[in-house]
Amino acid sequence: MEGSKAGNSSGGKKKRGGKFRRAQLRNMLLTKTVDRLMRGRLRDRHLKQPIELREVELAVPNWPRAFEGLRVGHLSDLHLGHLMPVDRAIELVERLGAAKPDVLACTGDVVDLEWQGCEPLLEAMGSMRAPLGRYLVLGNHDHLDDPDAITEAARDRGLLVLAGGVHTRRRAGHEFRVAGIDWHGTPRELSRMVHEVGEARPHLLLSHNPKAFPAAARLGIPLTLAGHTHGGQVALRDRPQANLSLLHRHSRGLYSRGGSRLFVNVGAGAWFPLRRNVPAEIVMLTLRRA
Ligand SMILES: [Fe+2]
(Lines give C-alpha, C1' and ligand atoms only; values in the text may rest on other atoms or scores of the structure.)
Protein backbone atom coordinates (compact mmCIF):
# COMPACT_ATOMS: atom_id res chain seq x y z
CA MET A 1 0.00 0.00 0.00
CA GLU A 2 1.24 3.44 -0.69
CA GLY A 3 0.10 7.02 -0.68
CA SER A 4 1.55 10.40 -1.28
CA LYS A 5 1.00 14.08 -0.86
CA ALA A 6 3.10 16.13 -3.21
CA GLY A 7 3.47 19.83 -3.64
CA ASN A 8 4.68 21.86 -6.63
CA SER A 9 2.19 22.20 -9.40
CA SER A 10 3.30 21.90 -12.96
CA GLY A 11 2.42 25.13 -14.74
CA GLY A 12 3.27 26.68 -18.07
CA LYS A 13 6.79 27.20 -19.34
CA LYS A 14 8.64 29.89 -17.47
CA LYS A 15 10.91 32.42 -19.10
CA ARG A 16 14.61 32.08 -18.39
CA GLY A 17 15.40 34.71 -15.82
CA GLY A 18 18.47 36.60 -14.65
CA LYS A 19 19.75 33.68 -12.57
CA PHE A 20 19.85 31.45 -15.64
CA ARG A 21 21.67 34.07 -17.68
CA ARG A 22 24.21 34.72 -14.91
CA ALA A 23 24.89 30.99 -14.54
CA GLN A 24 25.24 30.68 -18.32
CA LEU A 25 27.69 33.59 -18.41
CA ARG A 26 29.71 32.11 -15.54
CA ASN A 27 29.81 28.77 -17.35
CA MET A 28 30.92 30.50 -20.54
CA LEU A 29 33.68 32.52 -18.87
CA LEU A 30 35.05 30.06 -16.33
CA THR A 31 34.62 26.79 -18.17
CA LYS A 32 33.87 26.86 -21.90
CA THR A 33 36.21 29.72 -22.85
CA VAL A 34 39.10 28.38 -20.75
CA ASP A 35 38.49 24.91 -22.15
CA ARG A 36 38.55 26.27 -25.71
CA LEU A 37 41.82 28.09 -25.03
CA MET A 38 43.23 24.80 -23.71
CA ARG A 39 41.92 22.95 -26.81
CA GLY A 40 39.52 20.82 -24.78
CA ARG A 41 42.11 19.56 -22.30
CA LEU A 42 40.32 21.07 -19.27
CA ARG A 43 37.15 19.08 -19.91
CA ASP A 44 39.09 15.95 -20.92
CA ARG A 45 41.05 16.05 -17.68
CA HIS A 46 37.86 16.55 -15.68
CA LEU A 47 36.15 13.63 -17.40
CA LYS A 48 39.12 11.35 -16.76
CA GLN A 49 38.70 11.71 -13.00
CA PRO A 50 37.01 8.58 -11.67
CA ILE A 51 33.68 8.77 -9.86
CA GLU A 52 33.68 6.55 -6.81
CA LEU A 53 30.83 4.28 -5.71
CA ARG A 54 31.17 4.62 -1.96
CA GLU A 55 29.61 2.07 0.42
CA VAL A 56 28.76 3.75 3.74
CA GLU A 57 27.25 2.07 6.82
CA LEU A 58 25.27 4.56 8.90
CA ALA A 59 24.13 3.93 12.47
CA VAL A 60 21.03 6.05 12.99
CA PRO A 61 19.28 6.37 16.36
CA ASN A 62 15.54 5.79 16.08
CA TRP A 63 15.88 4.21 12.68
CA PRO A 64 12.78 1.97 12.35
CA ARG A 65 13.62 -1.59 13.39
CA ALA A 66 11.55 -2.96 10.51
CA PHE A 67 13.90 -1.23 8.04
CA GLU A 68 17.19 -2.31 9.60
CA GLY A 69 19.74 -2.82 6.83
CA LEU A 70 17.82 -0.70 4.29
CA ARG A 71 19.98 0.25 1.34
CA VAL A 72 19.60 3.75 -0.04
CA GLY A 73 21.30 4.63 -3.31
CA HIS A 74 22.15 8.31 -2.94
CA LEU A 75 22.86 10.39 -6.04
CA SER A 76 23.41 14.11 -6.00
CA ASP A 77 24.63 17.00 -8.13
CA LEU A 78 25.07 15.25 -11.45
CA HIS A 79 25.05 18.61 -13.25
CA LEU A 80 24.21 17.11 -16.60
CA GLY A 81 25.72 19.36 -19.28
CA HIS A 82 29.14 20.33 -20.59
CA LEU A 83 31.02 18.57 -17.75
CA MET A 84 28.68 15.57 -17.42
CA PRO A 85 27.66 13.92 -20.69
CA VAL A 86 24.39 12.01 -20.56
CA ASP A 87 26.07 8.62 -21.21
CA ARG A 88 28.37 9.09 -18.24
CA ALA A 89 25.45 10.04 -15.99
CA ILE A 90 23.41 7.02 -17.12
CA GLU A 91 26.38 4.75 -16.44
CA LEU A 92 26.49 6.09 -12.85
CA VAL A 93 22.79 5.35 -12.40
CA GLU A 94 23.34 1.83 -13.71
CA ARG A 95 26.28 1.26 -11.34
CA LEU A 96 24.15 2.36 -8.42
CA GLY A 97 21.27 0.17 -9.59
CA ALA A 98 23.62 -2.84 -9.82
CA ALA A 99 24.40 -2.39 -6.10
CA LYS A 100 20.73 -3.29 -5.39
CA PRO A 101 19.25 -0.36 -3.50
CA ASP A 102 15.88 -0.58 -1.75
CA VAL A 103 15.44 3.16 -2.29
CA LEU A 104 16.84 5.62 -4.83
CA ALA A 105 17.28 9.12 -3.40
CA CYS A 106 18.43 11.92 -5.67
CA THR A 107 19.04 15.19 -3.89
CA GLY A 108 19.01 17.50 -6.88
CA ASP A 109 21.04 19.42 -9.41
CA VAL A 110 20.20 16.82 -12.03
CA VAL A 111 21.09 19.40 -14.68
CA ASP A 112 23.64 22.17 -14.78
CA LEU A 113 21.79 24.70 -16.98
CA GLU A 114 19.31 23.68 -19.69
CA TRP A 115 16.81 21.03 -18.73
CA GLN A 116 16.39 19.70 -22.29
CA GLY A 117 18.34 16.52 -22.86
CA CYS A 118 17.95 15.15 -19.35
CA GLU A 119 15.06 12.83 -20.29
CA PRO A 120 17.26 9.72 -20.90
CA LEU A 121 18.87 10.23 -17.51
CA LEU A 122 15.47 10.56 -15.82
CA GLU A 123 14.39 7.44 -17.70
CA ALA A 124 17.36 5.51 -16.28
CA MET A 125 16.64 6.75 -12.76
CA GLY A 126 12.92 6.10 -13.07
CA SER A 127 13.42 2.54 -14.26
CA MET A 128 15.96 1.58 -11.58
CA ARG A 129 14.78 -1.35 -9.48
CA ALA A 130 14.23 0.12 -5.99
CA PRO A 131 11.26 -1.58 -4.27
CA LEU A 132 10.66 1.20 -1.72
CA GLY A 133 10.65 4.01 -4.27
CA ARG A 134 12.68 6.37 -6.41
CA TYR A 135 12.67 9.91 -5.08
CA LEU A 136 13.91 13.24 -6.36
CA VAL A 137 14.08 16.73 -4.92
CA LEU A 138 15.20 19.60 -7.11
CA GLY A 139 18.34 21.65 -6.57
CA ASN A 140 19.12 25.29 -7.29
CA HIS A 141 20.50 24.44 -10.76
CA ASP A 142 17.28 22.56 -11.62
CA HIS A 143 15.46 25.81 -10.92
CA LEU A 144 17.55 27.88 -13.35
CA ASP A 145 15.78 26.86 -16.55
CA ASP A 146 12.39 25.16 -16.12
CA PRO A 147 11.77 23.31 -12.83
CA ASP A 148 8.19 22.47 -13.81
CA ALA A 149 9.38 20.76 -16.99
CA ILE A 150 11.94 18.66 -15.07
CA THR A 151 9.33 17.76 -12.48
CA GLU A 152 6.85 16.66 -15.12
CA ALA A 153 9.46 14.73 -17.12
CA ALA A 154 10.66 12.97 -13.94
CA ARG A 155 7.13 12.04 -12.82
CA ASP A 156 6.31 10.72 -16.29
CA ARG A 157 9.30 8.38 -15.98
CA GLY A 158 8.48 6.89 -12.58
CA LEU A 159 10.25 9.21 -10.15
CA LEU A 160 8.47 10.64 -7.12
CA VAL A 161 9.34 14.32 -7.09
CA LEU A 162 8.89 15.57 -3.54
CA ALA A 163 8.49 19.31 -3.16
CA GLY A 164 6.93 19.65 0.24
CA GLY A 165 5.48 16.16 0.05
CA VAL A 166 5.60 12.98 2.10
CA HIS A 167 5.37 9.56 0.53
CA THR A 168 4.47 6.44 2.50
CA ARG A 169 5.33 2.88 1.55
CA ARG A 170 4.49 -0.29 3.41
CA ARG A 171 6.61 -3.39 3.72
CA ALA A 172 5.42 -6.38 5.74
CA GLY A 173 2.86 -4.16 7.46
CA HIS A 174 5.35 -1.47 8.47
CA GLU A 175 5.24 2.11 7.21
CA PHE A 176 8.25 3.82 5.71
CA ARG A 177 7.87 7.56 5.19
CA VAL A 178 10.04 9.71 2.93
CA ALA A 179 9.73 13.49 2.85
CA GLY A 180 11.33 15.94 0.47
CA ILE A 181 11.54 19.69 0.24
CA ASP A 182 12.19 21.86 -2.75
CA TRP A 183 15.25 24.06 -3.13
CA HIS A 184 15.60 27.12 -0.96
CA GLY A 185 18.66 29.07 0.12
CA THR A 186 17.67 30.51 3.47
CA PRO A 187 17.61 28.60 6.78
CA ARG A 188 14.39 30.36 7.80
CA GLU A 189 12.45 29.24 4.72
CA LEU A 190 14.00 25.76 4.91
CA SER A 191 12.90 25.50 8.53
CA ARG A 192 9.35 26.42 7.55
CA MET A 193 9.36 23.79 4.81
CA VAL A 194 10.77 21.10 7.12
CA HIS A 195 8.11 21.85 9.72
CA GLU A 196 5.42 21.38 7.09
CA VAL A 197 6.57 17.88 6.17
CA GLY A 198 7.64 17.08 9.75
CA GLU A 199 4.04 16.69 10.86
CA ALA A 200 3.92 13.35 9.02
CA ARG A 201 6.95 12.14 11.08
CA PRO A 202 9.12 11.03 8.15
CA HIS A 203 11.99 8.60 8.68
CA LEU A 204 13.98 10.07 5.82
CA LEU A 205 14.14 13.67 4.61
CA LEU A 206 15.63 14.76 1.28
CA SER A 207 16.79 18.34 0.87
CA HIS A 208 19.24 19.70 -1.68
CA ASN A 209 20.40 22.26 0.86
CA PRO A 210 22.01 20.79 4.01
CA LYS A 211 20.94 23.92 5.91
CA ALA A 212 17.61 22.12 6.42
CA PHE A 213 19.31 19.87 8.97
CA PRO A 214 19.00 21.95 12.18
CA ALA A 215 15.21 22.09 11.71
CA ALA A 216 15.10 18.37 10.90
CA ALA A 217 17.08 17.62 14.06
CA ARG A 218 14.77 19.78 16.19
CA LEU A 219 11.89 17.62 14.95
CA GLY A 220 13.81 14.40 15.56
CA ILE A 221 13.76 13.27 11.91
CA PRO A 222 16.15 10.30 12.00
CA LEU A 223 18.05 10.90 8.73
CA THR A 224 18.45 13.81 6.30
CA LEU A 225 20.21 13.41 2.95
CA ALA A 226 21.56 16.48 1.15
CA GLY A 227 24.00 17.65 -1.51
CA HIS A 228 24.64 21.12 -2.94
CA THR A 229 28.03 21.90 -1.37
CA HIS A 230 30.13 19.58 -3.59
CA GLY A 231 32.26 19.25 -0.44
CA GLY A 232 33.82 22.57 -1.41
CA GLN A 233 35.43 20.77 -4.43
CA VAL A 234 38.86 21.71 -3.02
CA ALA A 235 39.97 20.58 0.44
CA LEU A 236 43.14 20.04 2.43
CA ARG A 237 44.35 16.48 1.95
CA ASP A 238 44.16 15.37 5.57
CA ARG A 239 41.37 17.69 6.70
CA PRO A 240 38.30 17.09 4.55
CA GLN A 241 36.24 19.59 6.55
CA ALA A 242 38.76 22.34 5.66
CA ASN A 243 37.34 23.04 2.21
CA LEU A 244 36.06 25.84 0.02
CA SER A 245 32.40 25.41 0.96
CA LEU A 246 32.78 28.36 3.29
CA LEU A 247 29.10 29.19 3.63
CA HIS A 248 28.18 25.73 4.87
CA ARG A 249 28.86 24.25 8.30
CA HIS A 250 27.75 20.89 6.99
CA SER A 251 29.76 20.50 3.79
CA ARG A 252 30.51 16.77 3.37
CA GLY A 253 29.90 13.41 4.99
CA LEU A 254 28.18 12.60 8.25
CA TYR A 255 26.94 14.98 10.97
CA SER A 256 25.04 14.35 14.20
CA ARG A 257 22.74 16.51 16.24
CA GLY A 258 20.94 14.83 19.11
CA GLY A 259 19.45 11.62 17.75
CA SER A 260 19.36 12.89 14.16
CA ARG A 261 21.87 12.35 11.40
CA LEU A 262 22.76 14.23 8.20
CA PHE A 263 24.68 12.81 5.27
CA VAL A 264 26.00 15.30 2.70
CA ASN A 265 26.94 13.77 -0.65
CA VAL A 266 29.79 15.66 -2.38
CA GLY A 267 28.17 15.03 -5.75
CA ALA A 268 28.97 13.19 -8.95
CA GLY A 269 29.34 16.27 -11.12
CA ALA A 270 30.32 19.91 -10.93
CA TRP A 271 29.67 23.29 -12.51
CA PHE A 272 33.39 24.09 -12.42
CA PRO A 273 36.03 21.58 -13.63
CA LEU A 274 38.23 21.38 -10.56
CA ARG A 275 38.30 18.91 -7.68
CA ARG A 276 41.15 18.43 -5.26
CA ASN A 277 40.88 15.93 -2.40
CA VAL A 278 37.11 15.80 -2.83
CA PRO A 279 36.55 12.91 -5.23
CA ALA A 280 33.21 12.84 -7.00
CA GLU A 281 30.95 10.12 -5.65
CA ILE A 282 27.78 8.13 -5.84
CA VAL A 283 26.89 6.53 -2.52
CA MET A 284 25.24 3.36 -1.29
CA LEU A 285 24.11 3.82 2.30
CA THR A 286 23.25 0.86 4.50
CA LEU A 287 21.17 2.02 7.45
CA ARG A 288 21.41 0.45 10.88
CA ARG A 289 19.54 1.24 14.03
CA ALA A 290 22.10 2.71 16.43
FE1 LIG B 1 25.34 21.29 -7.32
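Numbers for residues simply follow the sequence, beginning at 1. All values below come from the heavy atoms of this structure, side chains included, with hydrogens, waters and symmetry mates left out. Both ligands and their constituent atoms are indexed starting at 1 by order of listing.
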A.B. asks: Report, one line per pair, each donor and acceptor closer than 3.5 Å where one atom sits in a side chain of residues 283-290; sequence neighbours left out.
C.D. replies:
unit_1	atom_1	unit_2	atom_2	d
T286	OG1	R71	NH1	3.1
R288	NE	E57	OE1	3.2
R289	NH1	W63	O	2.7

A.B. asks: Can you pull the side-chain hydrogen bond (donor to acceptor under 3.5 Å, both in side chains) pairs that have at least one residue in residues 262-277, sequence neighbours excluded?
C.D. replies: none
A.B. asks: For Y255, check ring pair (Phe, Tyr, Trp, His ring centres under 6.0 Å) against everything at least two apart and list the hits.
C.D. replies: H250
A.B. asks: Sort by chain and number the protein N/O/S atoms found under 2.8 Å from the Fe ion (ligand 1).
C.D. replies: D77 OD2, H79 NE2, D109 OD2, H230 NE2
A.B. asks: Any salt bridge linking R192 with E189? Criterion: basic side-chain nitrogen under 4.0 Å from a carboxylate oxygen.
C.D. replies: yes
A.B. asks: Is there a continuous path of hydrophobic side-chain contacts, each under 4.5 Å between heavy atoms, that joins V266 to I282?
C.D. replies: no
A.B. asks: In sequence, state the C-alpha distance, the side-chain angles, and the governing distance for R177 and E175, and then conclude on salt bridge (charged side-chain N to carboxylate O under 4.0 Å, His left out).
C.D. replies: CA-CA 6 Å; R177 295 182 291 276; E175 276 194 2; 2.8 Å; yes
